[in-house]
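Lettering of chains follows the sequences in order, A, B, ..., and the numbering in each one begins at 1. Keep in mind the model is a prediction, meaning the values are calculated, not measured. All values below were derived from every heavy atom in this structure, side-chain atoms included, with hydrogens, water molecules and symmetry-related copies excluded.
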Amino acid sequence: MKDQLQRLFQQAIDALVTDNTFNETIKANVQLERSKNSEHGDLACNLALMLAKKASMPPRALAEKIVQSLPDNALIEKIDIAGPGFMNIFLNKSAATAVITQILSEKEHFGRNHSGNGELTQVEFVSANPTGPLHIGHGRGAAVGDSLCRLLRANGFDAKAEFYYNDAGAQIETLMHSTHARLQGLTPESPNWPENAGYLGEYIQDVADSYKNKDTINAKDISVTAKGDPEDLEAIKHFAVAYLRHEQDLDLQAFDVEFDYFFLESSLYTDGKVEQAVDQLIANGKTYEKDNALWLKTTDYGDDKDRVMKKADGYFTYFVPDVAYHLDKWQRGFTRVINEQGADHHSTITRVRAGLQALDKGIPEGWPEYVLHQMVLVMKGGEEVKLSKRAGSYVTLRDLIDEVGRDATRFFLVSRRPDAQLTFDIDLAKSQSNENPVYYIQYAHARAASVLSKIESDKYASADLSLLTTTEEATLLKRLSQYPEVVRAAGEKLEPHQIANYCRELAGEFHSYYNADKIITENDDLSAARAQLVAAVKQVIINALDLLGVTAPDKM
RNA sequence: GCGCUCGUAGCUCAACUGGAUAGAGCAACGGCCUUCUAAGCCGUAGGUUACAGGUUCGAGUCCUGUCGGGCGUGCCA
């Protein structure tokens, strides 16, 4: 509908060009905005303000000429010229209620579009080291990443979720030594606790106990049985990684987050992909040797200094496998990749992109895209809880889900802009769990379901929607018709929190409506029309919450 | 020091590609259940959008500077 209106305004401008109001051809960027204030109509257009100078006439006068030049149409009821020169568009009544019919026929597809054209897109997120349980920071990544996948799919992209396991670095050695020390009956308090056993958390003891019991662990795509030999370091390492991967699987399951693919960093070495990438960089002349190390000329691609690729001790620095990994993503056909990561990784962006450009494989400069989320501060008892895996003080994601609930946790973590820090006060979340915004939205849905259950659906299968005349009804209709645009905007900007805001507004307006007007009245025709509106609201709440991975229960 | 990022009500956060009177929740105060779910609604109060300039018809939003927080800045991952 917006498109149709934009075309109408473009035609009006064209007409004014031919009658010489403008002395040049104007390629107008017609902007239509949803007005916040209902006195300002349904949509507002600022064309006259933007073009006043070029027409060398006052904006309000230009606005009048534009309105006069608009072709006849069935959409617009009237246009007011207001303020400095806004054209406030009031839509036809039947155009406003048409959205109900549309929602009820499209159901769960309402709001979805095909703008992504099925482009193969990958969202990589969480990607935690398999060295401990997931904490709330990973939770934010999981909530945002999963929601991004859902949003992209709603916008017509073929989105795949991927988890990258850093199972090949120094942190895995640390995990091995930590488990080994526990197997020997040591604790971090022991005077002879080894220095290279850096993980001090109690969960390492669980890993050691399980290893000693010769347990079998079934993680996502592997099955490992512990040898039980406390001196076999390789076996310990292998088992510990599997054990903790399984723990993370359970965390993700509890959070209702699914991945299409788990990628192991170690496979990049065993498949020779790291070597291949390095050889290619050397062959392309993008490297040099200095101080016994191999350097990449990242300054050619906007970095502020060159970076070491291969250390003097012969090992690669961490970003080298990252480059190889991203080359692999590209070769798998992901023309679009979005990496959802903690903001502490932002320095890798320049390096990974630089490495990819240096490979000279025709990868676009801005590829891959990044969505970075800021740290989550966890408060408990009025104090900040440090999320240090090494020190062992720890708030796990699963603790949080148990205490606060899955829907509330997900909603909370995804309802803020990712690039702003957020504070998660555990005491507050627990004590006010009934007042969490997610319940407000779910309650709106439950209320709608409850009312509808009181009318047989064939009683409102058809209805005269022109009976919807109250201001609350007009407000709701406007909000509903806005939903497809919100899905599109949130998808384009990769901002799931816009969906959360929309949910809150729709729920609030529905609660107001519910209190202001009876849905079921003496008048059967009116009841039918209102029931259709309620059914449409209910459907859109379901659709929107689904994009956030939050359920919409019928009863609360 | 340099780079990125954020600064909005007492607290936690919104504000669509720059739009009209900056909005919610929590906390505070006052009302609304004989009636479709009160996990709700209505109202009151709360703001120099950190500060100072600039750009323009118009700035919380863009630019410059200052102050403050976070992250990064390693031959750590």
Rounded to the Å, how far apart are [X] [atom1] and [N] [atom2]?
X: L372(A); N: C4(B); atom1: CG; atom2: C1'; answer: 9 Å
X: I441(A); N: G25(B); atom1: CD1; atom2: P; answer: 12 Å
X: Y370(A); N: U5(B); atom1: OH; atom2: P; answer: 16 Å
X: D303(A); N: G3(B); atom1: CG; atom2: P; answer: 13 Å
X: N501(A); N: A22(B); atom1: CG; atom2: C1'; answer: 14 Å
X: R479(A); N: C16(B); atom1: CZ; atom2: P; answer: 13 Å

For the side chain of [X] and the base of [N], is some donor closer than 3.5 Å to an acceptor across the two?
X: Y443(A); N: A39(B); result: no
X: D344(A); N: G72(B); result: no
X: N88(A); N: A20(B); result: yes

Output the single nucleotide from [options] whose closest atom is nearest the side chain of [X].
X: H497(A); options: G70(B), A15(B), C36(B); answer: A15(B)
X: F412(A); options: U12(B), U37(B), G19(B); answer: U12(B)
X: A44(A); options: C16(B), G40(B), A20(B); answer: A20(B)
X: R504(A); options: A24(B), C41(B), C75(B); answer: A24(B)
X: R417(A); options: A20(B), A14(B), A77(B); answer: A14(B)
X: K311(A); options: C76(B), A20(B), A38(B); answer: C76(B)
X: E33(A); options: G19(B), A77(B), C71(B); answer: G19(B)
X: F86(A); options: C75(B), G19(B), U73(B); answer: G19(B)
X: H346(A); options: A14(B), A77(B), G3(B); answer: G3(B)
X: N515(A); options: G19(B), A14(B), C41(B); answer: C41(B)

| message | If we count only N and O atoms by modelled type, under 3.5 Å, do the side chains of Q442(A) and D407(A) hold a donor and an acceptor together? | response | yes
Going by purine N1 to pyrimidine N3 plus the second Watson-Crick contact, or the G-U wobble pair, all under 3.5 Å, which nucleotide sits opposite [N]?
N: U21(B); answer: none
N: U44(B); answer: A28(B)
N: A15(B); answer: none
N: G1(B); answer: U73(B)
N: G53(B); answer: C63(B)
N: G68(B); answer: C6(B)

Regarding [X], tell me which of base, sugar-phosphate or nothing describes its non-hydrogen contacts under 4.0 Å with the strands shown.
X: A446(A); answer: base
X: D517(A); answer: base
X: H40(A); answer: base
X: Y514(A); answer: base
X: D291(A); answer: base
X: D554(A); answer: base

Write down the distance separating the [atom1] atoms in [N] and [M], rounded off to the nearest Å.
N: U8(B); M: G72(B); atom1: C1'; value: 26 Å
N: A28(B); M: U37(B); atom1: C1'; value: 27 Å
N: G60(B); M: C13(B); atom1: C1'; value: 14 Å
N: G47(B); M: G23(B); atom1: C1'; value: 12 Å
N: A22(B); M: U61(B); atom1: C1'; value: 12 Å
N: A20(B); M: A15(B); atom1: P; value: 14 Å
N: U48(B); M: C42(B); atom1: P; value: 27 Å
N: G46(B); M: C67(B); atom1: P; value: 34 Å

Over all heavy atoms of both residues, which pair between [X] and [Y] is shortest? Give the atoms and the distance, please.
X: A448(A); Y: V534(A); result: CB-CG1, 3.7 Å
X: A358(A); Y: L281(A); result: CB-CD2, 3.5 Å
X: D167(A); Y: I172(A); result: C-CG1, 3.5 Å
X: W367(A); Y: R353(A); result: O-CG, 3.7 Å
X: L476(A); Y: L506(A); result: CD2-CD1, 3.9 Å

| Base of C42(B) relative to its sugar, syn (within 90° of 0) or anti? |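 With its glycosidic angle more than 90° from zero, C42(B) counts as anti.
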Give a yes/no on whether any side-chain N or O of [X] is located under 4.0 angstrom from OP1 or OP2 of [N].
X: S450(A); N: U37(B); answer: yes
X: S512(A); N: C42(B); answer: yes
X: K493(A); N: U17(B); answer: yes
X: Y439(A); N: A39(B); answer: no
X: K454(A); N: U37(B); answer: yes
X: Y460(A); N: C36(B); answer: no
X: R447(A); N: A38(B); answer: yes

| query | Centre of F510(A)'s six-membered ring, under 6.0 Å away, within 45 degrees of the axis: is that where NZ or CZ of R447(A) sits? | reply |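 The answer is no, since R447(A) fails at least one limit relative to F510(A).
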| field | Within 45° cone and under 6.0 Å: R479(A) NZ/CZ vs Y483(A) ring | value |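 No, R479(A) does not sit over the ring of Y483(A).
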| request: Spell out, as yes or no, whether a donor-acceptor pair under 3.5 Å connects the side chain of S527(A) to the backbone of T521(A). | output: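 Checking the backbone N and O of T521(A) against the side chain of S527(A), a donor-acceptor pair under 3.5 Å is found.
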| Just wondering, more than 12 heavy atoms not from N515(A) lying within 6.0 Å of its CG? |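 Above 12, so yes.
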